[in-house]
Amino acid sequence: MQLVLSENWTLTSGRDLPTLVRWAREAEDAGFDSVMISEHIVLGPDAGAKGLMPNPREYALPGNQDPFTPWPNSLLLLASIASVTTTLRLAAAAILAPLRHPLLLARELGTLDLLSEGRLIALPTVSWSRDEYAALGVPFDKRGQLLDEHLEIWELLWRESPATYEGKHYRFQDVYFEPKAHRPDGPRIWFGGSGMHDALTRRLVRHGHGFNPLGRPTPEDMDKLRAAMTAAGRDISELELVGGTRAVFPDNNSCADLDQALAHIPAQLEQGFTTFCIKPSQFTDDPGGIGHFCRQVMRRVHSLV
């Protein structure tokens, strides 16, 4: 199980980051495999352009959140978590690669991976907010190209020094990059998104160690991914498939029922999914009871499988 530490602001203040670190340690003690933290660098008015989420416990999606929503730096938080845990994997979800220079981001990812002895999972993405790109002076319509060059550069940097790269957007010559990440091929890389579009399929096949979709992929999506992996000489079993729990809120002010959400796990297991995300604020209003919540989740999951 993977504990989602982002977006739990009905449980704790966005300024009380040590609480998130404590929750991660309690999740590890309860038997959780990993924690996940997503990011934004800044938000603009388009964050809430589609109207705010009805229940503040719901997941933040494109256009449904208050621009004042806290988004602390995910890599710094995960570094703090790495220092108080030993086995917990650290998922940096929704790393907005195009908003950084690839050499700088590779340095941050590689250092965290080395510090945690290979526990880092990075999920690079292009994201959705035009306002965020505009604030950082990065062309929104080039974000896919920028991400692809990031991935090529990271692969190069993990492998050799000196490194030289000549791309459309980034170029450098004779760059020495030391120390490298924990593994010779770098941190584990996951990709996600809504729908199995061509760019996502291509990135999964070439660079992916895991697939963390937004929502439930259709059988057609999985068939497309399976065929693309096979055509490239890979098997879909090489990808860690990340599922989730589906919270159903009885109203706009209440938590969801945990048993109802976990009941979807067996069907996902049959489809090959092995890791499941859960956000505690969707199921409890007790910030001091996250350790108990995590143990309760693990007991119920074991009873289902």
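With a 4.5 Å cut-off on side-chain heavy atoms, K224 and D221 do not count as touching. Counting only heavy atoms from C-beta outward, the side chains of S129 and L43 never approach each other to under 4.5 Å. A 4.5 Å side-chain heavy-atom check between W158 and P187 finds at least one atom pair inside the cut-off. The shortest distance between side-chain heavy atoms of N73 and E108 does not fall below 4.5 Å. In this structure the side chain of H40 reaches within 4.5 angstrom of the side chain of E132, judged on heavy atoms. For the pair R206 and E152, the minimum side-chain heavy-atom distance is below 4.5 Å. Side-chain contact between R188 and D185 is present, with heavy atoms from C-beta onward closer than 4.5 Å. Using a 4.5 Å cut-off on side-chain heavy atoms (C-beta onward), S254 and F249 make no contact.
Distance alone, capped at 3.5 Å, places no donor-acceptor pair between the D174 side chain and the P162 backbone. Distance alone, capped at 3.5 Å, is enough to place a donor-acceptor pair between the E28 side chain and the L88 backbone. Q282 places a side-chain N or O within 3.5 Å of a backbone atom of R57 that can act as its donor or acceptor partner. For Q260 (side chain) and V248 (main-chain N/O), no donor-acceptor pair under 3.5 Å exists by modelled atom type. Listed for the R216 side chain is no donor-acceptor partner under 3.5 Å among the backbone atoms of L214. At distances below 3.5 Å, at least one donor-acceptor pair connects side-chain atoms of K180 with backbone N or O atoms of E160. Of the possible donor and acceptor atoms, none in the side chain of R234 sits under 3.5 Å from a partner among the backbone N and O of T230. A donor-acceptor pair under 3.5 Å is formed between the side chain of R107 and the backbone N or O of E178. No donor-acceptor distance shorter than 3.5 angstrom exists from the side chain of D113 to the backbone of A181, with no hydrogens or angles considered. The closest donor-acceptor contact from the side chain of H182 to the backbone of L120 lies at 3.5 Å or more, if one exists at all.
Note on W71 and I95: separate hydrophobic clusters, where clusters join Ile, Leu, Val, Met, Phe, Trp and Tyr whose side-chain heavy atoms are under 4.5 Å apart, directly or indirectly. With hydrophobic clusters built from ILVMFWY side chains whose heavy atoms lie under 4.5 angstrom apart, I81 does not share a cluster with I121. Hydrophobic clustering places V84 together with V35 (ILVMFWY residues linked when any side-chain heavy atoms are closer than 4.5 Å, directly or through intermediates). Linking ILVMFWY residues whenever their side-chain heavy atoms come closer than 4.5 Å, directly or via other members, leaves W9 and M53 in distinct clusters. Following chains of ILVMFWY side-chain contacts shorter than 4.5 Å, one can reach L304 starting from I278, so the two form part of one hydrophobic cluster.
Ring pair W154/H150 is perpendicular by interplanar angle, where above 60° counts as perpendicular and below 30° as parallel. In this pair, F293 and F283 present their aromatic rings parallel. The plane angle is below 30°, not in the 30 to 60° band.
Listed here is the closest heavy atom pair of V242 and C277: CG1-SG, 3.6 Å. Nearest heavy atoms, S34 versus Q2: OG-NE2, 3.0 Å. Between P217 and F273 the shortest heavy-atom distance is CG-CZ, 3.8 Å. The shortest non-hydrogen separation linking L75 to A92 is CD2-CB, 3.8 Å. Closest of all the heavy-atom pairs between N55 and N253 is ND2-N, 3.8 Å. G208 and L239 make their closest contact through O-CD2, 3.4 Å (heavy atoms, listed as atom of the first residue, atom of the second, distance).
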For side-chain contact (heavy atoms from CB on, under 4.5 Å), just list the numbers for M298 and R295, CA-CA rounded to whole Å, side-chain angles, deciding distance to a tenth of an Å, and then say yes or no. CA-CA 5 Å; M298 293 305 298; R295 292 189 295 274; 5.8 Å; no

Side chain to side chain donor-acceptor pair (under 3.5 Å) evaluation trace for D66 with T69: CA-CA 5 Å; D66 189 329; T69 301; 5.3 Å; no

Could you walk me through whether D235 and S237 pass the side chain to side chain donor-acceptor pair (under 3.5 Å) test, one step at a time? CA-CA 5 Å; D235 190 273; S237 64; 2.7 Å; yes

side-chain contact (heavy atoms from CB on, under 4.5 Å) between L77 and L5, worked out: CA-CA 10 Å; L77 255 177; L5 291 178; over 6 Å; no

Determine, step by step, whether T125 and L96 satisfy the side-chain contact (heavy atoms from CB on, under 4.5 Å) criterion, reporting the C-alpha distance in whole Å, the side-chain angles of both residues, the deciding distance to 0.1 Å, and the verdict. CA-CA 5 Å; T125 187; L96 308 186; 3.6 Å; yes

Could you please spell out the steps behind the salt bridge (Lys or Arg N to Asp or Glu O under 4.0 Å) verdict for R226 and D223? CA-CA 5 Å; R226 188 174 292 105; D223 287 344; 3.1 Å; yes

Show your reasoning for whether side-chain contact (heavy atoms from CB on, under 4.5 Å) applies to F211 and L200. CA-CA 10 Å; F211 175 40; L200 174 58; 4.1 Å; yes

Checking E240 against T274 for the side chain to side chain donor-acceptor pair (under 3.5 Å) test, could you report, in this order, the C-alpha distance in whole Å, the side-chain angles of both residues, the deciding distance, and whether it holds? CA-CA 7 Å; E240 182 174 354; T274 57; 4.7 Å; no

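For R15, the CZ atom is loosely surrounded, since the number of other residues' heavy atoms within 6.0 Å does not exceed 12.
To the nearest 0.5 Å, atom CD of residue E26 and atom CD1 of residue I290 are 7.5 Å apart. Interatomic distance, H197 NE2 to R203 CZ, rounded to the nearest 0.5 Å: 6.5 Å. Here the straight-line distance linking atom CD1 of I153 with atom OH of Y165 works out to 5.0 Å at 0.5 Å rounding. We find the CG-CG distance between L241 and L269 to be 11.0 Å, quoted to the nearest 0.5 Å. Note that the SG atom of C294 and the CE atom of M1 stand 9.0 Å from one another [nearest 0.5 Å]. Here the straight-line distance linking atom CD1 of I236 with atom CG of L204 works out to 9.0 Å at 0.5 Å rounding.
Inspection of the D198 and T201 side chains reveals no N or O donor paired with an N or O acceptor under 3.5 Å. Of the N and O atoms on the side chains of D286 and T284, not one donor lies less than 3.5 Å from an acceptor on the other residue.
Judged by the 6.0 Å and 45° rule, R130 forms no cation-pi pair with Y133.
Here the options are R143, H169, K168, R202, the test is side chain to side chain donor-acceptor pair (under 3.5 Å), and the partner is D148; only R202 passes.
Residue pairs meeting the ring pair (Phe, Tyr, Trp, His ring centres under 6.0 Å) criterion with at least one partner in residues 96-116, sequence neighbours excluded, are H101-Y170.
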